[in-house]
Amino acid sequence: MRKTANRRADTVIVLDFETTGLSAAGGDRVIEVGAVRIEKGKVTDRFQSLMNPGIRVDTFIEDYTGITNKMLKTAPTCKAVMTEFADFIEDFDMVAHNAAFDSRFLAAELRRIRRASRGEFACSMLIARRMYQDVPNHKLGTLVAFHQLPTGGVFHRALADAEMTTQLWLKMLNDLEDDYQLTKIPFDLMQAIARVPKSKLSQLLMDKFE
DNA sequence: TGCCAGGCCCTCTTTAGGGCCTT
């Protein structure tokens, strides 16, 4: 068992990256980071910064995110921002929507500054696929609209998306607590839900808490 | 020159293919 009975077990970082493309291994870089710290179910801190990757972003990314080359030209370096962000996330566990994507970029950017995180990821998309099978699709925006979760009307910016993922995460925790008469859903159970076949979700929870 | 992600998940599956998600 890992990280039990300490304060860290009650804290998660919900994060989102805007990037120059889809492939961290192919040289794409982070251009904006947004993150929300949740402690004992409450938002206690936030982190947001643009970061200058030293390469131009293409027009698709400018249009998709609203982040322009002009904005990035005056932004702090990736090294400066990621150093500060590494201090923010410490070794807390993390949540992201399609976490495989964000975890790859986090690892790549931390590697560049010779830092690392021991925190583990849970994926809100994989969990939502299992919990909400009647939603048209499992894009973050669709899930937020479907559940009528609060948004600031901004999409595809790092902090705005991290805030929406936070709302979705808290919604999923609340729904599980309600459905299974629980007072607390451990992080590693959420990770397990993300891995279990859809058809076995109920059985997993029943086995866990019966 | 041409190409260009990766992993999950479903099914017309497992000796595979294609859609979904993220930017």
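Everything quoted here is computed from the prediction, not taken from an experiment.
Checked against the 6.0 Å centroid criterion, the rings of A:F105 and A:F17 do not qualify as a close aromatic pair. The six-membered or imidazole ring of A:Y132 lies away from that of A:F146, with a centre-to-centre distance of 6.0 Å or more.
Rounded to whole Å, the distance from CG on A:L159 to P on B:dT23 is 14 Å. One interatomic measurement links the two molecules: CZ of A:F105 to C1' of B:dC21, which rounds to 14 Å at whole-angstrom precision. The CE-C1' distance, from A:M125 to B:dG19, rounds to 12 Å in whole Å. Atom CE of A:M94 is separated from atom P of B:dT22 by 19 Å (rounded to the nearest Å). Straight-line distance from the CG atom of A:L50 to the C1' atom of B:dT23: 15 Å, rounded to whole Å. Atom CD1 in A:I127 sits roughly 14 Å away from atom P in B:dC8 (whole-Å rounding). Counting to the nearest Å, the P atom of B:dG7 and the CG atom of A:L22 are 13 Å from each other. What separates CZ of A:F17 from P of B:dT22 is a distance of 16 Å, to the nearest Å.
Note that the CD1 atom of A:I31 and the CD atom of A:E62 stand 8.5 Å from one another [nearest 0.5 Å].
With P as the reference atom, B:dC12 and B:dG18 are 15 Å apart, rounded to whole Å. A distance of about 15 Å separates the C1' atoms of B:dC4 and B:dT23, rounded to the whole Å. Comparing B:dG6 with B:dG2, their P atoms are spaced 23 Å from each other, to the whole Å. Look at the C1' atom in both B:dC8 and B:dT14: the space between them is 16 Å, to the nearest Å. One P atom belongs to B:dC3, the other to B:dG7, and the distance between them is 23 Å to the nearest Å.
Taking only side-chain atoms of A:L126, from C-beta outward, the nucleotide of B:dC8, B:dT22, B:dC21 with the closest atom is B:dC8. Among the nucleotides B:dC20, B:dG6, B:dT22, the one closest to the side chain of A:R129 is B:dC20. In the set B:dC8, B:dT22, B:dT23, B:dT23 carries the atom at the smallest distance from any side-chain atom of A:I61. In this structure, of B:dC21, B:dT23, B:dA5, it is B:dA5 that holds the atom nearest to the side chain of A:S23.
Residue A:T65 is classed as a sugar-phosphate contact, given heavy-atom separations below 4.0 Å to backbone atoms only. Residue A:N137 is in sugar-phosphate contact alone, with no base atom involved, counting any heavy-atom pair closer than 4.0 Å across all strands shown. In this structure, A:L140 reaches the sugar-phosphate backbone alone: every heavy-atom distance under 4.0 Å involves primed, P, OP1 or OP2 atoms, never a base. At the heavy-atom level, A:D161 lies under 4.0 Å from the strands shown only through sugar-phosphate atoms. Among the atoms of the strands shown, none is found under 4.0 Å from any heavy atom of A:D102.
Of the two residues contacting DNA chain B, namely A:G26 and A:F101, the nearest-nucleotide position lying further toward the 5' end is that of A:G26. Position along DNA chain B of the nearest nucleotide to A:A194 versus A:R104 favours A:R104 as the more 5'-ward residue.
With respect to the salt-bridge test (charged N to carboxylate O, under 4.0 angstrom), the residues A:K171 and A:D175 qualify. With respect to A:E90 and A:R118, no salt bridge is recorded, no charged nitrogen being found less than 4.0 Å from a carboxylate O.
The number of heavy atoms from other shown groups lying within 6.0 Å of CD (A:Q133) is above 12.
Checking the phosphate oxygens (OP1, OP2) of B:dC20, no side-chain nitrogen or oxygen of A:H138 falls inside 4.0 Å.
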